[in-house]
Amino acid sequence: MAERFVRLAEQWFPDAYVFVLLSVVLVAATATLHGGSPLATARAFGDGFWTLIPFTMQLALMAIGGYVLATSPPASAFLAWLAARPASGRSAVVALGVLSIGLSLLNWALSLIFCALLVRQLARRDDIRLDYRAAGAASYLGLGCGFTLGVSSSAAQMQANAASIPASLMPITGVIAFSDTILTWQNGVTIVVVTLLSAVVCRLTAPDDFSARTAQDLGVCLDDGTAAPEPSARPGDYLEHSPILTILVALIGLGWIWQSFREAAPSQTISSLNTYNFIFLFLGILLHWRPRSLLTAFSRATPSIAGLLLQFPFYGAIAQMLTKVPNATGATLSDAIARWFVDASVNSTAFAFFVGVYSAFFGFLIPSAGGKWIVEAPYVMAAANEVRAHLGWTVMVYNIAETLPNLINPFWMLPLLGILGLKAKDLIGYTAIQFIIHFPVALFLAALFMATFDYKPPVAP
(Lines give C-alpha, C1' and ligand atoms only; values in the text may rest on other atoms or scores of the structure.)
Protein backbone atom coordinates (compact mmCIF):
# COMPACT_ATOMS: atom_id res chain seq x y z
CA MET A 1 0.00 0.00 0.00
CA ALA A 2 2.82 2.40 0.90
CA GLU A 3 4.66 1.75 -2.35
CA ARG A 4 1.49 2.45 -4.35
CA PHE A 5 1.01 5.66 -2.39
CA VAL A 6 4.58 6.77 -3.10
CA ARG A 7 4.20 6.08 -6.82
CA LEU A 8 1.03 8.17 -6.83
CA ALA A 9 2.71 10.98 -4.90
CA GLU A 10 5.76 10.96 -7.19
CA GLN A 11 3.47 11.37 -10.21
CA TRP A 12 1.02 13.96 -8.91
CA PHE A 13 2.48 15.87 -5.96
CA PRO A 14 4.29 19.10 -6.87
CA ASP A 15 7.16 20.77 -5.03
CA ALA A 16 6.44 22.30 -1.62
CA TYR A 17 6.90 25.79 -3.10
CA VAL A 18 4.01 25.11 -5.48
CA PHE A 19 1.94 24.10 -2.44
CA VAL A 20 2.65 27.50 -0.91
CA LEU A 21 1.59 29.31 -4.08
CA LEU A 22 -1.59 27.24 -4.28
CA SER A 23 -2.29 28.09 -0.63
CA VAL A 24 -1.84 31.82 -1.35
CA VAL A 25 -4.28 31.67 -4.25
CA LEU A 26 -6.78 29.57 -2.28
CA VAL A 27 -6.72 31.83 0.80
CA ALA A 28 -6.90 35.01 -1.29
CA ALA A 29 -9.85 33.67 -3.30
CA THR A 30 -11.65 32.42 -0.17
CA ALA A 31 -11.10 35.71 1.68
CA THR A 32 -12.61 37.55 -1.28
CA LEU A 33 -15.56 35.14 -1.57
CA HIS A 34 -16.08 35.57 2.18
CA GLY A 35 -16.85 39.21 1.47
CA GLY A 36 -13.46 40.86 1.68
CA SER A 37 -12.38 43.48 -0.83
CA PRO A 38 -9.87 42.29 -3.49
CA LEU A 39 -7.79 45.41 -2.78
CA ALA A 40 -7.87 44.70 0.96
CA THR A 41 -6.74 41.14 0.22
CA ALA A 42 -3.83 42.37 -1.90
CA ARG A 43 -2.90 44.91 0.77
CA ALA A 44 -2.89 42.24 3.48
CA PHE A 45 -0.74 39.98 1.28
CA GLY A 46 1.92 42.68 0.88
CA ASP A 47 1.74 43.87 4.49
CA GLY A 48 2.28 40.35 5.83
CA PHE A 49 4.94 39.21 3.39
CA TRP A 50 7.97 40.38 5.39
CA THR A 51 6.57 39.98 8.91
CA LEU A 52 8.37 36.65 9.50
CA ILE A 53 11.88 37.61 8.43
CA PRO A 54 13.38 37.42 11.99
CA PHE A 55 11.68 34.06 12.63
CA THR A 56 12.78 32.76 9.20
CA MET A 57 16.41 33.58 9.94
CA GLN A 58 16.14 31.95 13.36
CA LEU A 59 14.82 28.70 11.86
CA ALA A 60 17.47 28.77 9.15
CA LEU A 61 20.24 29.06 11.74
CA MET A 62 18.61 26.26 13.74
CA ALA A 63 18.93 23.95 10.73
CA ILE A 64 22.49 25.02 9.96
CA GLY A 65 23.54 24.73 13.61
CA GLY A 66 22.33 21.14 13.77
CA TYR A 67 24.24 20.20 10.61
CA VAL A 68 27.42 21.94 11.73
CA LEU A 69 27.33 20.18 15.09
CA ALA A 70 26.62 16.75 13.59
CA THR A 71 29.55 16.97 11.16
CA SER A 72 32.18 18.20 13.63
CA PRO A 73 35.27 15.97 14.17
CA PRO A 74 34.27 14.93 17.73
CA ALA A 75 30.79 14.02 16.50
CA SER A 76 32.35 11.94 13.71
CA ALA A 77 34.51 10.07 16.23
CA PHE A 78 31.46 9.48 18.41
CA LEU A 79 29.61 8.10 15.36
CA ALA A 80 32.31 5.48 14.84
CA TRP A 81 32.14 4.44 18.50
CA LEU A 82 28.34 4.35 18.50
CA ALA A 83 28.17 2.29 15.31
CA ALA A 84 30.21 -0.48 16.95
CA ARG A 85 27.71 -1.02 19.78
CA PRO A 86 24.66 -2.85 18.27
CA ALA A 87 24.95 -6.63 18.28
CA SER A 88 22.59 -7.23 15.34
CA GLY A 89 20.92 -5.45 12.45
CA ARG A 90 17.54 -5.42 14.18
CA SER A 91 18.91 -3.97 17.41
CA ALA A 92 20.66 -1.29 15.35
CA VAL A 93 17.34 -0.30 13.74
CA VAL A 94 15.66 -0.01 17.15
CA ALA A 95 18.58 2.04 18.54
CA LEU A 96 18.42 4.38 15.53
CA GLY A 97 14.72 5.01 16.05
CA VAL A 98 15.11 5.85 19.74
CA LEU A 99 18.19 8.02 19.12
CA SER A 100 16.49 9.88 16.29
CA ILE A 101 13.54 10.84 18.50
CA GLY A 102 15.80 11.75 21.43
CA LEU A 103 18.06 14.03 19.39
CA SER A 104 15.11 15.65 17.63
CA LEU A 105 13.85 16.96 20.98
CA LEU A 106 17.00 19.12 21.03
CA ASN A 107 17.42 19.95 17.35
CA TRP A 108 15.61 18.41 14.37
CA ALA A 109 18.49 19.08 11.96
CA LEU A 110 21.00 17.47 14.33
CA SER A 111 18.76 14.40 14.57
CA LEU A 112 18.32 14.10 10.81
CA ILE A 113 21.98 14.57 9.84
CA PHE A 114 23.61 12.73 12.74
CA CYS A 115 21.38 9.66 12.39
CA ALA A 116 21.81 9.57 8.61
CA LEU A 117 25.58 9.57 9.05
CA LEU A 118 25.24 6.87 11.71
CA VAL A 119 23.27 4.66 9.30
CA ARG A 120 26.13 4.87 6.79
CA GLN A 121 28.65 4.06 9.53
CA LEU A 122 26.60 1.04 10.64
CA ALA A 123 26.24 -0.14 7.05
CA ARG A 124 30.05 -0.41 6.78
CA ARG A 125 30.13 -3.15 9.38
CA ASP A 126 30.58 -6.61 7.87
CA ASP A 127 29.76 -8.56 11.05
CA ILE A 128 26.02 -7.71 11.01
CA ARG A 129 23.39 -7.65 8.25
CA LEU A 130 21.71 -4.26 8.47
CA ASP A 131 18.64 -3.64 6.35
CA TYR A 132 19.64 -0.27 4.93
CA ARG A 133 16.04 0.75 4.17
CA ALA A 134 14.68 -0.05 7.64
CA ALA A 135 17.65 1.71 9.24
CA GLY A 136 17.06 4.80 7.09
CA ALA A 137 13.37 4.84 8.02
CA ALA A 138 14.23 4.53 11.73
CA SER A 139 16.67 7.43 11.48
CA TYR A 140 13.82 9.59 10.17
CA LEU A 141 11.44 9.04 13.10
CA GLY A 142 12.57 12.21 14.88
CA LEU A 143 11.11 14.24 12.01
CA GLY A 144 7.95 12.14 11.92
CA CYS A 145 6.93 11.96 15.56
CA GLY A 146 9.48 13.61 17.83
CA PHE A 147 10.91 17.06 17.15
CA THR A 148 7.78 19.13 17.82
CA LEU A 149 7.58 17.71 21.35
CA GLY A 150 10.88 19.30 22.43
CA VAL A 151 12.74 22.61 22.29
CA SER A 152 13.10 22.06 18.55
CA SER A 153 9.38 22.87 18.17
CA SER A 154 9.12 26.06 16.13
CA ALA A 155 5.48 26.56 17.21
CA ALA A 156 6.37 26.38 20.92
CA GLN A 157 9.46 28.52 20.33
CA MET A 158 7.46 31.18 18.50
CA GLN A 159 4.75 31.31 21.15
CA ALA A 160 7.34 31.66 23.92
CA ASN A 161 9.01 34.63 22.24
CA ALA A 162 7.05 37.87 22.06
CA ALA A 163 9.32 39.23 19.33
CA SER A 164 8.57 36.24 17.07
CA ILE A 165 4.77 36.41 17.35
CA PRO A 166 3.08 38.35 14.50
CA ALA A 167 1.28 41.47 15.76
CA SER A 168 -2.03 40.15 14.40
CA LEU A 169 -1.66 36.97 16.47
CA MET A 170 -0.55 38.47 19.80
CA PRO A 171 -4.06 39.43 21.08
CA ILE A 172 -5.31 35.91 20.31
CA THR A 173 -2.56 33.80 21.89
CA GLY A 174 -0.45 36.08 24.05
CA VAL A 175 2.95 34.72 25.07
CA ILE A 176 2.86 31.04 26.09
CA ALA A 177 5.81 29.86 28.18
CA PHE A 178 7.46 26.45 27.81
CA SER A 179 6.01 25.55 31.20
CA ASP A 180 2.58 25.44 29.52
CA THR A 181 3.71 23.53 26.40
CA ILE A 182 6.75 21.28 26.08
CA LEU A 183 7.63 21.21 29.81
CA THR A 184 4.27 19.85 31.01
CA TRP A 185 4.12 16.37 32.50
CA GLN A 186 1.48 15.48 29.91
CA ASN A 187 3.99 16.12 27.14
CA GLY A 188 6.56 14.03 29.01
CA VAL A 189 4.18 11.07 29.07
CA THR A 190 3.47 11.58 25.36
CA ILE A 191 7.19 11.49 24.55
CA VAL A 192 7.64 8.23 26.47
CA VAL A 193 4.66 6.56 24.79
CA VAL A 194 5.69 7.72 21.31
CA THR A 195 9.28 6.55 21.81
CA LEU A 196 8.32 3.12 23.15
CA LEU A 197 5.74 2.62 20.42
CA SER A 198 8.27 3.59 17.76
CA ALA A 199 10.84 1.18 19.16
CA VAL A 200 8.36 -1.72 19.14
CA VAL A 201 7.33 -1.02 15.54
CA CYS A 202 10.99 -0.76 14.50
CA ARG A 203 11.70 -4.13 16.10
CA LEU A 204 8.71 -5.88 14.54
CA THR A 205 9.15 -4.46 11.02
CA ALA A 206 12.93 -4.78 10.67
CA PRO A 207 13.73 -7.73 8.35
CA ASP A 208 15.69 -10.67 9.71
CA ASP A 209 19.20 -11.45 8.50
CA PHE A 210 17.91 -13.64 5.68
CA SER A 211 15.54 -10.96 4.29
CA ALA A 212 17.63 -7.89 5.01
CA ARG A 213 18.83 -5.81 2.07
CA THR A 214 22.14 -4.17 2.85
CA ALA A 215 23.58 -1.03 1.29
CA GLN A 216 25.65 -3.26 -0.98
CA ASP A 217 22.53 -5.14 -2.08
CA LEU A 218 20.92 -1.81 -3.01
CA GLY A 219 23.98 -0.64 -4.91
CA VAL A 220 24.73 2.22 -2.50
CA CYS A 221 28.34 3.41 -2.38
CA LEU A 222 29.52 3.96 1.20
CA ASP A 223 32.75 5.74 0.27
CA ASP A 224 32.32 9.32 1.49
CA GLY A 225 35.18 10.54 -0.65
CA THR A 226 36.18 13.08 2.01
CA ALA A 227 39.48 14.65 1.08
CA ALA A 228 42.00 15.61 3.74
CA PRO A 229 42.25 19.36 4.30
CA GLU A 230 44.93 20.99 2.21
CA PRO A 231 47.95 22.24 4.16
CA SER A 232 48.35 25.97 4.54
CA ALA A 233 50.10 27.22 1.38
CA ARG A 234 50.57 30.89 2.28
CA PRO A 235 50.83 33.03 5.41
CA GLY A 236 47.33 34.41 4.85
CA ASP A 237 45.87 30.90 5.30
CA TYR A 238 47.44 30.41 8.72
CA LEU A 239 44.53 31.69 10.81
CA GLU A 240 42.04 29.54 8.85
CA HIS A 241 43.86 26.42 10.02
CA SER A 242 44.73 27.62 13.54
CA PRO A 243 42.41 27.30 16.58
CA ILE A 244 43.59 30.61 18.09
CA LEU A 245 40.64 32.71 16.94
CA THR A 246 38.21 29.89 17.70
CA ILE A 247 39.37 29.75 21.32
CA LEU A 248 39.21 33.51 21.83
CA VAL A 249 35.76 33.92 20.26
CA ALA A 250 34.40 30.83 22.06
CA LEU A 251 35.52 32.26 25.42
CA ILE A 252 33.61 35.48 24.70
CA GLY A 253 30.53 33.48 23.69
CA LEU A 254 30.73 31.23 26.76
CA GLY A 255 30.85 34.33 28.93
CA TRP A 256 27.57 35.55 27.44
CA ILE A 257 25.94 32.11 27.85
CA TRP A 258 27.01 31.94 31.51
CA GLN A 259 25.55 35.37 32.24
CA SER A 260 22.28 34.55 30.45
CA PHE A 261 21.67 31.39 32.47
CA ARG A 262 22.68 33.11 35.71
CA GLU A 263 20.22 35.97 35.23
CA ALA A 264 17.09 33.86 34.50
CA ALA A 265 15.66 30.38 34.96
CA PRO A 266 17.17 27.82 32.53
CA SER A 267 13.76 27.02 30.96
CA GLN A 268 13.15 30.71 30.33
CA THR A 269 16.63 31.28 28.91
CA ILE A 270 16.58 28.34 26.49
CA SER A 271 13.08 29.30 25.29
CA SER A 272 14.65 32.21 23.42
CA LEU A 273 15.41 31.13 19.86
CA ASN A 274 18.35 33.51 19.79
CA THR A 275 19.90 31.88 22.87
CA TYR A 276 19.13 28.40 21.55
CA ASN A 277 20.79 29.09 18.20
CA PHE A 278 23.70 30.89 19.87
CA ILE A 279 24.50 27.83 21.98
CA PHE A 280 24.36 25.40 19.05
CA LEU A 281 26.38 27.66 16.77
CA PHE A 282 29.13 28.19 19.34
CA LEU A 283 29.23 24.48 20.14
CA GLY A 284 29.78 23.92 16.43
CA ILE A 285 32.49 26.61 16.31
CA LEU A 286 34.26 25.02 19.27
CA LEU A 287 33.96 21.41 18.10
CA HIS A 288 35.16 22.19 14.58
CA TRP A 289 38.14 23.87 16.26
CA ARG A 290 39.59 25.41 13.11
CA PRO A 291 37.78 28.10 11.08
CA ARG A 292 38.35 26.27 7.79
CA SER A 293 36.54 23.17 9.07
CA LEU A 294 33.60 25.28 10.25
CA LEU A 295 33.41 27.19 6.96
CA THR A 296 33.29 23.94 5.00
CA ALA A 297 30.48 22.53 7.17
CA PHE A 298 28.54 25.80 6.99
CA SER A 299 28.72 25.93 3.19
CA ARG A 300 27.53 22.32 2.94
CA ALA A 301 24.59 23.07 5.25
CA THR A 302 23.21 26.15 3.51
CA PRO A 303 21.55 24.41 0.51
CA SER A 304 19.18 22.65 2.92
CA ILE A 305 17.53 25.95 3.93
CA ALA A 306 16.76 27.23 0.43
CA GLY A 307 13.12 26.14 0.58
CA LEU A 308 12.64 27.67 4.01
CA LEU A 309 14.01 31.07 2.93
CA LEU A 310 11.84 31.12 -0.18
CA GLN A 311 8.58 29.88 1.32
CA PHE A 312 8.29 31.50 4.75
CA PRO A 313 7.48 35.04 3.51
CA PHE A 314 4.45 33.56 1.77
CA TYR A 315 3.32 31.98 5.04
CA GLY A 316 3.44 35.41 6.67
CA ALA A 317 1.30 36.79 3.83
CA ILE A 318 -1.21 33.94 4.23
CA ALA A 319 -1.55 34.63 7.97
CA GLN A 320 -2.18 38.31 7.27
CA MET A 321 -4.88 37.55 4.68
CA LEU A 322 -6.58 35.20 7.13
CA THR A 323 -6.73 37.76 9.92
CA LYS A 324 -6.84 41.20 8.28
CA VAL A 325 -9.42 41.01 5.47
CA PRO A 326 -12.88 41.65 7.00
CA ASN A 327 -16.21 41.29 5.24
CA ALA A 328 -19.15 43.68 5.57
CA THR A 329 -19.89 42.47 9.11
CA GLY A 330 -16.27 42.90 10.20
CA ALA A 331 -15.58 39.13 10.36
CA THR A 332 -12.37 37.77 8.81
CA LEU A 333 -11.80 34.35 7.26
CA SER A 334 -9.98 33.38 10.45
CA ASP A 335 -13.13 34.24 12.42
CA ALA A 336 -15.25 32.03 10.16
CA ILE A 337 -12.97 29.00 10.52
CA ALA A 338 -12.79 29.52 14.27
CA ARG A 339 -16.59 29.54 14.38
CA TRP A 340 -16.64 26.14 12.65
CA PHE A 341 -14.31 24.69 15.29
CA VAL A 342 -16.47 26.12 18.07
CA ASP A 343 -19.71 24.80 16.56
CA ALA A 344 -18.20 21.33 16.04
CA SER A 345 -16.77 21.07 19.57
CA VAL A 346 -19.04 20.26 22.49
CA ASN A 347 -16.12 20.61 24.92
CA SER A 348 -12.35 21.11 25.00
CA THR A 349 -11.70 17.35 24.60
CA ALA A 350 -13.70 17.18 21.37
CA PHE A 351 -11.98 20.39 20.28
CA ALA A 352 -8.55 18.76 20.79
CA PHE A 353 -9.64 15.79 18.66
CA PHE A 354 -10.83 17.99 15.78
CA VAL A 355 -7.68 20.13 15.93
CA GLY A 356 -5.52 17.00 15.81
CA VAL A 357 -7.28 15.55 12.77
CA TYR A 358 -7.30 18.88 10.95
CA SER A 359 -3.64 19.63 11.74
CA ALA A 360 -2.55 16.21 10.50
CA PHE A 361 -4.47 16.63 7.24
CA PHE A 362 -3.13 20.15 6.75
CA GLY A 363 0.36 18.91 7.65
CA PHE A 364 0.29 16.52 4.72
CA LEU A 365 -0.52 19.39 2.35
CA ILE A 366 1.92 21.90 3.87
CA PRO A 367 4.88 20.03 5.40
CA SER A 368 6.32 22.96 7.34
CA ALA A 369 5.84 23.04 11.11
CA GLY A 370 6.66 26.71 11.68
CA GLY A 371 4.95 28.09 8.60
CA LYS A 372 1.84 25.98 9.03
CA TRP A 373 1.40 27.07 12.64
CA ILE A 374 1.44 30.70 11.54
CA VAL A 375 -1.40 29.87 9.14
CA GLU A 376 -3.44 27.79 11.61
CA ALA A 377 -2.83 29.69 14.85
CA PRO A 378 -5.18 32.66 14.23
CA TYR A 379 -8.34 30.59 13.92
CA VAL A 380 -7.34 27.55 16.01
CA MET A 381 -6.34 29.67 19.00
CA ALA A 382 -9.36 31.96 18.60
CA ALA A 383 -11.56 28.87 18.77
CA ALA A 384 -9.57 27.59 21.78
CA ASN A 385 -10.34 30.83 23.63
CA GLU A 386 -14.03 30.50 22.87
CA VAL A 387 -14.38 26.86 23.98
CA ARG A 388 -12.02 27.63 26.90
CA ALA A 389 -9.40 25.06 25.92
CA HIS A 390 -5.94 25.41 27.44
CA LEU A 391 -3.90 27.48 24.98
CA GLY A 392 -0.58 25.81 25.77
CA TRP A 393 -1.93 22.30 25.28
CA THR A 394 -3.68 23.43 22.09
CA VAL A 395 -0.20 24.23 20.77
CA MET A 396 0.89 20.74 21.83
CA VAL A 397 -2.13 19.08 20.18
CA TYR A 398 -0.98 20.76 17.00
CA ASN A 399 2.60 19.60 17.68
CA ILE A 400 1.58 16.01 18.40
CA ALA A 401 -0.53 15.58 15.26
CA GLU A 402 0.91 17.81 12.57
CA THR A 403 4.29 16.11 12.07
CA LEU A 404 2.89 12.58 11.70
CA PRO A 405 2.15 13.10 7.96
CA ASN A 406 5.91 13.58 7.52
CA LEU A 407 6.02 9.80 7.76
CA ILE A 408 4.14 9.52 4.44
CA ASN A 409 5.10 12.81 2.79
CA PRO A 410 8.73 12.73 1.56
CA PHE A 411 9.37 16.50 1.83
CA TRP A 412 11.49 16.40 5.02
CA MET A 413 13.13 13.14 3.89
CA LEU A 414 15.06 14.93 1.16
CA PRO A 415 18.25 15.75 3.17
CA LEU A 416 18.23 12.22 4.61
CA LEU A 417 17.76 10.59 1.21
CA GLY A 418 20.62 12.64 -0.21
CA ILE A 419 23.00 11.39 2.48
CA LEU A 420 21.83 7.77 2.30
CA GLY A 421 21.71 7.59 -1.51
CA LEU A 422 18.14 6.23 -1.44
CA LYS A 423 14.73 7.20 -2.82
CA ALA A 424 11.56 7.91 -0.86
CA LYS A 425 10.04 4.63 -1.99
CA ASP A 426 12.79 2.78 -0.14
CA LEU A 427 11.69 4.20 3.24
CA ILE A 428 7.96 4.88 2.95
CA GLY A 429 7.02 1.22 3.32
CA TYR A 430 8.39 1.32 6.87
CA THR A 431 7.42 4.86 7.86
CA ALA A 432 3.83 4.36 6.61
CA ILE A 433 3.39 1.55 9.14
CA GLN A 434 4.64 3.89 11.86
CA PHE A 435 2.06 6.48 10.73
CA ILE A 436 -0.85 4.00 10.74
CA ILE A 437 -0.05 2.89 14.29
CA HIS A 438 0.92 6.28 15.74
CA PHE A 439 -1.97 8.36 14.41
CA PRO A 440 -4.84 6.95 16.54
CA VAL A 441 -2.61 6.79 19.63
CA ALA A 442 -1.52 10.42 19.17
CA LEU A 443 -5.12 11.65 18.78
CA PHE A 444 -6.18 9.71 21.87
CA LEU A 445 -3.38 11.20 24.02
CA ALA A 446 -4.00 14.73 22.72
CA ALA A 447 -7.72 14.60 23.52
CA LEU A 448 -7.28 12.74 26.82
CA PHE A 449 -4.76 15.16 28.28
CA MET A 450 -6.73 18.27 27.27
CA ALA A 451 -9.21 17.35 30.03
CA THR A 452 -6.41 17.66 32.63
CA PHE A 453 -5.86 21.39 31.98
CA ASP A 454 -7.71 24.51 33.09
CA TYR A 455 -8.19 27.40 30.70
CA LYS A 456 -5.89 30.44 30.99
CA PRO A 457 -6.70 33.60 28.97
CA PRO A 458 -4.00 35.08 26.67
CA VAL A 459 -1.27 37.07 28.42
CA ALA A 460 0.38 39.74 26.29
CA PRO A 461 3.63 41.40 27.40
Side-chain angles (χ1 to χ4, degrees), residues 51-67 69 101 103-112 142-143 145-167 169-170 172-184 187-188 190-191 257 260-261 264-283 305 308-309 311-312 315-316 319 359 363 366-378 380-381 391-403 406 412 458-461:
T51 56
L52 297 181
I53 291 302
F55 187 52
T56 302
M57 181 58 70
Q58 287 170 327
L59 287 187
L61 286 172
M62 182 187 291
I64 291 174
Y67 184 96
L69 197 59
I101 294 174
L103 286 178
S104 73
L105 299 176
L106 297 175
N107 184 289
W108 62 265
L110 175 65
S111 170
L112 195 66
L143 270 290
C145 54
F147 81 100
T148 53
L149 304 181
V151 294
S152 194
S153 165
S154 53
Q157 286 277 10
M158 187 185 80
Q159 290 299 156
N161 289 271
S164 298
I165 302 174
L169 188 60
M170 181 63 78
I172 303 172
T173 67
V175 177
I176 305 174
F178 277 178
S179 57
D180 284 322
T181 54
I182 61 174
L183 296 183
T184 58
N187 187 50
T190 302
I191 291 171
I257 293 171
S260 298
F261 278 90
S267 61
Q268 179 183 349
T269 303
I270 201 65
S271 68
S272 167
L273 263 178
N274 289 334
T275 303
Y276 178 84
N277 284 333
F278 189 92
I279 292 172
F280 268 88
L281 180 59
F282 269 78
L283 274 175
I305 64 169
L308 186 152
L309 294 175
Q311 295 170 36
F312 261 57
Y315 288 125
S359 294
I366 304 179
S368 175
K372 194 169 76 67
W373 173 245
I374 294 161
V375 174
E376 287 189 54
V380 169
M381 298 299 268
L391 297 180
W393 190 248
T394 300
V395 175
M396 294 313 299
V397 171
Y398 164 86
N399 281 340
I400 291 168
E402 75 91 21
T403 54
N406 289 344
W412 288 110
V459 178

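- Using cut-offs of 30° and 60° on the angle between ring planes, the pair F312 and Y315 is perpendicular.
- Atoms CG and CG, from L281 and N274 in turn, are 11.5 Å apart once rounded to the nearest 0.5 Å.
- Within the model, atoms OG1 of T394 and CG of N399 stand 11.0 Å from one another, a figure rounded to the nearest 0.5 Å.
- Taking both residues in full, the closest heavy atoms of L283 and L69 are given as CB-CD1, 3.7 Å, listed atom of the first, atom of the second, then distance.
- A167 pairs by the side chain to side chain contact (heavy atoms under 4.5 Å, CB included) definition with nothing, not counting sequence neighbours.
- Each of T181, I182, T148 was compared with V395 under the side-chain contact (heavy atoms from CB on, under 4.5 Å) criterion, and only T181 meets it.
- Residues L169 and M158 meet the side-chain proximity criterion, which asks for heavy atoms closer than 4.5 Å.
- Scanning both residues, L149 and C145, for their nearest heavy atoms gives CD1-O, 4.0 Å.
- Side-chain contact between N406 and F147 is present, with heavy atoms from C-beta onward closer than 4.5 Å.
- Residues W393 and N187 are in side-chain contact: their nearest non-hydrogen atoms beyond the backbone lie under 4.5 Å apart.
- Of all heavy-atom pairs spanning Y398 and W373, the tightest one is OH-N, 3.0 Å.
- The heavy-atom pair separating L105 from G146 by the smallest distance is CD2-O, 3.3 Å.
- Here the closest heavy-atom approach between residue P458 and residue G174 is recorded as CB-N, 3.8 Å.
- Residues passing the side chain to side chain contact (heavy atoms under 4.5 Å, CB included) test with M170, sequence neighbours excluded: A162, I165, V175, A460, P461.
- The CD atom of E376 sits 7.5 Å away from the CD atom of E402 when rounded to the nearest 0.5 Å.
- Not counting sequence neighbours, the partners of S260 by the side chain to side chain contact (heavy atoms under 4.5 Å, CB included) test are W256, T269.
- Closest approach of S111 and S104 over heavy atoms only: CB-N, 3.4 Å.
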Worked verdict on I257 versus I279 for side-chain contact (heavy atoms from CB on, under 4.5 Å) | CA-CA 7 Å; I257 293 171; I279 292 172; 3.9 Å; yes
